[in-house]
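Let me begin by presenting the structure, written as structure tokens, before commenting on it.
The sequence lines fix the lettering, A, B, ..., with proteins before strands; numbering per chain opens at 1. All values below come from the heavy atoms of this structure, side chains included, with hydrogens, waters and symmetry mates left out.
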Protein chains: 4
Amino acid sequence: MARRKVQEKRRLQILKALDACLQRKSFEKTSIKDIAREAGVNHGVLHYYFKSKEEILLNYIDYVIEDYRAQAREWMGGRDLEHSTKREFIDEVFAFVNNRITLNKSLSRIFVEIWEIALYNPAVRGKLREAYTRWVEDLGEMISRHIEDKAFARNVSIAMVAFWEGMALFSTVFPPGSLAVGDVLKGFQQRIVEIL
Amino acid sequence: MARRKVQEKRRLQILKALDACLQRKSFEKTSIKDIAREAGVNHGVLHYYFKSKEEILLNYIDYVIEDYRAQAREWMGGRDLEHSTKREFIDEVFAFVNNRITLNKSLSRIFVEIWEIALYNPAVRGKLREAYTRWVEDLGEMISRHIEDKAFARNVSIAMVAFWEGMALFSTVFPPGSLAVGDVLKGFQQRIVEIL
Amino acid sequence: MARRKVQEKRRLQILKALDACLQRKSFEKTSIKDIAREAGVNHGVLHYYFKSKEEILLNYIDYVIEDYRAQAREWMGGRDLEHSTKREFIDEVFAFVNNRITLNKSLSRIFVEIWEIALYNPAVRGKLREAYTRWVEDLGEMISRHIEDKAFARNVSIAMVAFWEGMALFSTVFPPGSLAVGDVLKGFQQRIVEIL
Amino acid sequence: MARRKVQEKRRLQILKALDACLQRKSFEKTSIKDIAREAGVNHGVLHYYFKSKEEILLNYIDYVIEDYRAQAREWMGGRDLEHSTKREFIDEVFAFVNNRITLNKSLSRIFVEIWEIALYNPAVRGKLREAYTRWVEDLGEMISRHIEDKAFARNVSIAMVAFWEGMALFSTVFPPGSLAVGDVLKGFQQRIVEIL
DNA sequence: CATGAATGAGTTTTCATTCAT
DNA sequence: GATGAATGAAAACTCATTCAT
């Protein structure tokens, strides 16, 4: 039991170290020793807990996705979505996505990194596909409460996620303030209100 | 004179070889020798024509961007945008972007790759920034012909490009047909018609 | 503890391997793999113990200089310089320098190599400057015991070292016996006796 | 005839370019293209005039040695050594050697470079041996005019050259002024006056 | 004679991974 | 479990040399 806990703690420590490393270098250029140094452990340990560098990455991706899903659950847990008006609901969703995801530059960077890896790595691609599918589904479900047409709700979800990811992308390339990101996001939000 | 031609031909040959390589491996994992093999030349040649691997990449990015801008110019040259109705104009723009860019899976892959490199490479980031700025501006200008509010036109342009890029991203992760991409694109187009 | 010992042993093993290599090839033409082969270790080891080829060289130079200074200390430790006559003292100094330094062909070769590297490498130049400064100072101090004029003692030291180094140089270029090196050295020694 | 002249001119141009290059980089690190660039010619030309990089070096060494011998001849041609007193003669010799050789830092650098190459290259070593032999002989001959003992004259010559070369060496390693080079040289000259 | 494109051997360096202690 | 020494494959890059034009 205690063993288990130590193991889990160590693994998390390593995954968080990778997270920090990815803010500086690509996964490819990040060495096992870089991660070990960041985690403050001996590099041999990484091979004890994970059988290869790719294994670390795969676990890291699960960790990142699970982490932001937990944030979403937590955020939703604190609201009474059942009794909110359509307008209140949309405002809440946008507030969360804008602040925690689209405008979270460091998260955006990590996702760009993961997308790129997914291009050539089927396992990573699978994880990404699943994460986006769930995101679209969850969002679709929420939207469905305020709309009749289920297929339309799904399509709107897809469009919303695509737009948000596109904006997130811009945030990694343009310096803050150089694009009227806030206005565009607000305009988009307004449009979604009208549509739903 | 002939020398000049050989130079240009070889350089293009190398850039096209990199293009082919990037459909299989990341730039980081693509070695100079891989590119040389693909181009059917000795690896030393690559160092003769470009002073470093990064130099090849930078030239490649210019080549890719210039290539699709040329396609856009060519496409526009064939239409009479001046006398088209707003509806016709929108249809044309979408037809081009959807087919040549957003749904061009191999182009999308390359851009995901470039985005990732841009995360850590300022020169690449600069090129990307410029390319997207020009795209947004060109689109904004076209939209401005059918709309009063210039700032709004610009914001719509940004949103459109963000959405398209988000959809392009999905196309690299989801197998064709698994997301109702066509429907979503059509719905988005419809919405833009209403807005403008 | 044992670890520490292995580290030091390996480092020394590598420096001695470089020493052997330099009897055959210039430092520039000696590859990391050559040194590894000579040391009987994998070439990766050299990068484990030293961060670059230059680092190996710098450590090697320290090692060589320290080595012959240790020899000088050892040699001096065995004599009673305090109670020797001027003549005895000069004879002892010359006996040491002639045999261990000036006529030590393999040491002379190494120093020619180091001089050349110093031409273009400031770090090496600094080490050389320090070594010669200390040699001149140590010698000057010894001479000072038998002479009044301190500035003169220093100048004589400089001249002596210059002469010895010039002779050492000849020993690397001329086959033994082709120059009356012994006689010249003896004549010089005689002259120094007269001067002091 | 004209052909011959153009050829000679080109060869000299290349050798002078190498001379310039050697003030910046070692021969080993100087590439054929570096020399060509410095000479302002195409690098292919170097292989037309010299069959290899080593061939350039060998010719360069001849050129350098011949050049300073010519200077010596020219300098001697301008004096009436026959009718000078011993003192005048010594002053003249020292004036020439000190200024043109020992304290000529760029010449000293080149000689250090050549010594080092001679360590591993028998052809270069042979050239150097010959040059020093001739220098010692010429000097010995001049000294012989003022001294009886021929063997002694030769030994003094060797010692003088060794000392000068040692001082030249110091000039490449110590910044000008940090060693009392002038004083030492003057003291040495004084001593030689006394000896002869 | 001159040019510059092409070759290929060789260099330093990095790094995931293994394994004895 | 933890450590760090060792391995060896592979990378980018350099460069003397060759040779067709």
Would you mind telling me which residue lines up with the more 5' stretch of DNA chain E, A:His47 or B:Arg10, judged by nearest nucleotide? B:Arg10
From CD of C:Gln13 over to P of F:dA6, roughly how many Å is that when rounded to an integer? 8 Å
Protein-nucleotide distance (B:Glu54, atom CD; F:dA11, atom C1'), rounded to Å: 16 Å
In Watson-Crick or G-U wobble terms, both distances under 3.5 Å, what is the partner of F:dA11? E:dT12
Rounded to whole Å, please give me the gap between NZ in A:Lys51 and C1' in E:dC19. 19 Å
Watson-Crick or G-U wobble partner of F:dC19, both distances under 3.5 Å: E:dG4
P-based separation of F:dT21 from E:dC1 [nearest Å]: 22 Å
Pair B:Glu130 + B:Arg125: basic N to acidic O under 4.0 Å: no
Do B:Phe50 and B:Tyr60 have ring centroids that are under 6.0 Å from one another? no
Give the rounded distance in Å between these two atoms: NZ of B:Lys33 and P of F:dT14. 15 Å
Should A:Gln7 be listed as having a side-chain N or O under 4.0 Å from OP1 or OP2 of F:dG1? yes
Judged by each residue's nearest nucleotide on DNA chain E, which is more toward the 5′ side, C:Glu28 or A:Asp34? C:Glu28
Any D:Tyr49 side-chain nitrogen or oxygen under 4.0 Å from OP1 or OP2 of E:dA2: yes
Quick one: is D:Asn42 getting a side-chain N or O under 4.0 Å of the E:dA2 phosphate, OP1 or OP2? no
When the ring planes of D:Tyr132 and D:Trp115 are compared, do they come out parallel, tilted or perpendicular, using 30° and 60° as the limits? tilted
Phosphate OP1/OP2 of E:dA5: any B:Tyr48 side-chain N/O under 4.0 Å: yes
On DNA chain F, does the nearest nucleotide to D:Lys53 precede the nearest nucleotide to B:His43 from the 5' side, or the other way round? Give the residue. B:His43
Would you kindly say whether D:Glu8 and D:Tyr49 are connected by a side-chain donor-acceptor distance under 3.5 Å? no
Could you check how far CG of D:Leu46 sits from P of E:dC1, rounded to whole Å? 15 Å
Check the distance between F:dC15's P and C:Lys29's NZ and give it to me in whole angstrom. 14 Å
Between A:Leu57 (CG) and E:dC15 (P), how many Å, whole number? 17 Å
A:Glu55 CD - E:dT18 P separation (whole Å): 13 Å
Side chain of B:Ile32 (C-beta onward), nearest among F:dA12, E:dT17, F:dC15: F:dA12
Flag yes if more than 12 heavy atoms outside D:Lys105 fall under 6.0 Å of its NZ atom; otherwise flag no. yes
